[in-house]
2 protein chains.
Amino acid sequence: MEEKIKVHLADDHKILIEGIIAVINTEENILVEGYSLTGKEVIEWAQNSTADILILDINMPELDGIEVLKFFKKKGIKIKTIILSSYDDVKLVEEMLALGANGYISKDSASEHIIDAIKAVHSGEQFFSNSIKDELLKIFTGKKVDPKKRPESTISNLLTAREIEVLKLISKEHSSPEIAEILNISQSTVDTYRKNLLKKTNVKNSVGLAMYAVKNKIV
Amino acid sequence: MEEKIKVHLADDHKILIEGIIAVINTEENILVEGYSLTGKEVIEWAQNSTADILILDINMPELDGIEVLKFFKKKGIKIKTIILSSYDDVKLVEEMLALGANGYISKDSASEHIIDAIKAVHSGEQFFSNSIKDELLKIFTGKKVDPKKRPESTISNLLTAREIEVLKLISKEHSSPEIAEILNISQSTVDTYRKNLLKKTNVKNSVGLAMYAVKNKIV
DNA sequence: TTTCTTATCCCCATAAATGGGGAGTTAAAT
DNA sequence: ATTTAACTCCCCATTTATGGGGATAAGAAA
């Protein structure tokens, strides 16, 4: 009687995607209409999408989930989005909500939660993993946080897109010459980014940068 | 007529596990007999296992795939193991082979490759993702490497107490001169520890060391 | 006892990172 | 139209890090 819920997946790991498809296929009224392996693909897809729900991994190379959500917000694209994350990070959840995400599930959670999340978000609710709910409770009961006073100074506006790219590569143990080659820019430029990153993040060296990246879940 | 191939999965992301189960369930003669979510669980399971194949994620918190393989080798446990990795890293592949792994597939590859890998490894062959094969070819054609001269000795044991001390200080953004002063030893010694740490952990630089420390909850 | 591990130190050399300066182009915002 | 932000590139110099080799003393393990 009712239409199937159309879902689009975005994750850089194809195995995970095919796994989720297999899981979702056990559900009668949910249909995976396609998937994207990179942030860029998601953005292209989004231009002419008729899907109901997007399940979006935040950890993708180059253009990650955060950037995708920002793009949506900027362009006024309204797609109900469920974040799929490797980590339970309240900061990230807050940022995602501010960027218009409708749900947040951890990759640690059981796969049936994906089904639950899709159904909930499709019917207009929000959905969170139990693990992340626990984390949230701690914050919102312990200290009361004004939801309007959301983190204005997220990494994304502290660091530029390019700086984040460089930071990610640094965190993946790449040297400046390597990063220069990967990004197709000169080593001088990479070194400039390193300097700016050190200043902006207020850490001492590359190790500090990597730790910063870990702490802020940008790797 | 023939017995089903019994497979055990090990990955800290339950969603990925359930996804792989769903994929494998489409295969008639392969059966997932269980799964482990941590390295410790794998080791416990391995004591009384009757499975034919273990599919092992290398990136697990605390006790990762490398340590699991080392444990197997030490205890003489013989389980055909397929490594499931997020990265295409030749160094890692070499290390895994030296530790007795029988296959190496990337999470980026399509899920049917898991099926192929299971079948290949079960029949005594080795299996590698195409992406990693390309990488390997580059190495083994460019420079000829004696397969017997595999990094057996380079990646030996766990870290010593002193090495861990140094690793902690590195992860706290200290430089070698600083560490030398803190520990009251010469900088030469600190540098020796750095070298040993790089070898033992098989990472490229200090950033890699810091990440290793994070992954293994040393910091 | 002999071997192995750990902790300590040194030499050499090269590669990489850090820290300061300046500067051009483009695109967006005011 | 002018300013600003982001991205790009270069000079200089110094400090750190990496990679190879070797070495010694104390203590544990075989």
Side-chain angles (χ1 to χ4, degrees), chain A residues 62-63 66-67 70-71 73-76 152-213, chain B residues 70 74 91 143 149 151-213:
Chain A
E62 300 191 51
L63 202 72
I66 298 177
E67 304 301 327
K70 274 189 191 165
F71 177 86
K73 201 178 185 185
K74 203 170 188 176
K75 298 289 180 185
E152 195 72 42
S153 58
T154 52
I155 331 319
S156 315
N157 13 9
L158 173 61
L159 304 180
T160 70
R162 206 56 162 165
E163 283 164 351
I164 290 176
E165 275 189 276
V166 172
L167 178 53
K168 280 182 183 172
L169 291 169
I170 290 173
S171 305
K172 282 177 186 163
E173 304 174 33
H174 290 294
S175 67
S176 292
E178 286 170 358
I179 296 171
E181 209 191 314
I182 292 169
L183 298 181
N184 251 297
I185 56 181
S186 88
Q187 196 193 314
S188 307
T189 309
V190 177
D191 286 333
T192 302
Y193 284 127
R194 290 193 103 109
K195 281 183 251 189
N196 292 338
L197 281 167
L198 288 176
K199 268 191 190 168
K200 284 188 175 182
T201 61
N202 204 33
V203 298
K204 271 187 65 182
N205 51 31
S206 297
V207 167
L209 290 178
M211 296 308 232
Y212 178 93
Chain B
K70 280 185 188 166
K74 203 168 190 176
K91 258 196 200 168
K143 328 159 196 171
K149 236 176 115 272
E152 185 88 34
S153 51
T154 52
I155 20 114
S156 44
N157 303 338
L158 287 170
L159 306 181
T160 69
R162 206 55 162 167
E163 284 165 351
I164 289 174
E165 274 189 277
V166 173
L167 178 54
K168 278 183 186 171
L169 292 169
I170 290 173
S171 304
K172 284 178 185 162
E173 304 173 33
H174 291 294
S175 68
S176 291
E178 287 170 358
I179 296 171
E181 209 191 316
I182 293 170
L183 298 181
N184 254 297
I185 55 182
S186 88
Q187 195 193 313
S188 307
T189 309
V190 178
D191 286 333
T192 302
Y193 285 128
R194 291 193 102 108
K195 281 184 257 189
N196 292 338
L197 281 167
L198 289 176
K199 269 192 191 168
K200 285 189 175 181
T201 61
N202 202 34
V203 299
K204 270 188 65 183
N205 51 32
S206 298
V207 167
L209 290 178
M211 297 307 231
Y212 178 94

On the nucleotide dC10(D), are OP1 or OP2 found under 4.0 Å from the side-chain N or O atoms that Ser186(A) carries?
yes

Proximity to DNA chain D (any heavy atom under 4.0 Å), residues of residues 174-182 of chain A only:
none

Touch check for Asn205(B), heavy atoms < 4.0 angstrom, all strands: base, sugar-phosphate only, or nothing?
sugar-phosphate

Any side-chain heavy atom of Leu159(B) sitting closer than 4.5 Å to one from Lys200(B)?
yes

Mind listing the N/O atom pairs, protein and nucleotides 22-24 of chain D, below 3.5 Å?
none

Under 4.0 Å from OP1 or OP2 of dT18(D): is there any side-chain N or O of Ser206(B) that close?
yes

Phosphate OP1/OP2 of dC9(C) contacted by Tyr193(B) side-chain N/O (<4.0 Å):
no

Give a yes-or-no answer on whether the side chains of Thr189(B) and Ser186(B) include a donor-acceptor pair shorter than 3.5 Å.
yes

For dA6(D), does OP1 or OP2 lie under 4.0 Å from any side-chain N or O of Arg162(A)?
no

Taking the basic N atoms (NZ, or NE/NH1/NH2) and the acidic carboxylate oxygens, is any pair closer than 4.0 Å for Glu165(A) and Arg162(A)?
yes

Shortest non-hydrogen separation from Pro177(B) to Gln187(B) and the atoms involved:
CG-OE1, 3.7 Å

Send over the distance from Asn196(B) CG to dG21(D) P, rounded to a whole Å.
13 Å

Looking only at side-chain atoms of Thr160(B), point me to the closest of dT18(C), dT8(C), dA7(C).
dA7(C)

Given dA17(C), dG20(C), dT18(D), identify the nucleotide with an atom nearest to the side chain of Lys195(A).
dG20(C)

Let me spell it out: for each of Val190(B) and Leu209(A), pick the nucleotide of DNA chain C with the closest heavy atom. Which residue's pick is nearer the 5' end?
Val190(B)

From dA7(C), dC11(D), dC7(D), pick the nucleotide closest to the side chain of Ala161(A)?
dC7(D)

Separation of dA16(C) P from Lys204(B) NZ (nearest whole Å)
8 Å

Before you tell me yes or no, could you show the steps for Leu183(A) and Val166(A) under side-chain contact (heavy atoms from CB on, under 4.5 Å), namely the whole-Å CA-CA distance, both residues' side-chain angles and the distance that decides it to 0.1 Å?
CA-CA 8 Å; Leu183(A) 298 181; Val166(A) 172; 3.9 Å; yes

Check whether any side-chain N or O of Ser188(B) sits under 4.0 Å from OP1 or OP2 of dC11(C), and answer yes or no.
no

Is Thr160(A) close to Asn196(A) at the side-chain level, that is, under 4.5 Å between some pair of heavy atoms?
no

Could you measure the distance from the CG atom of Leu167(B) to the OH atom of Tyr193(B)? Nearest 0.5 Å is fine.
13.0 Å

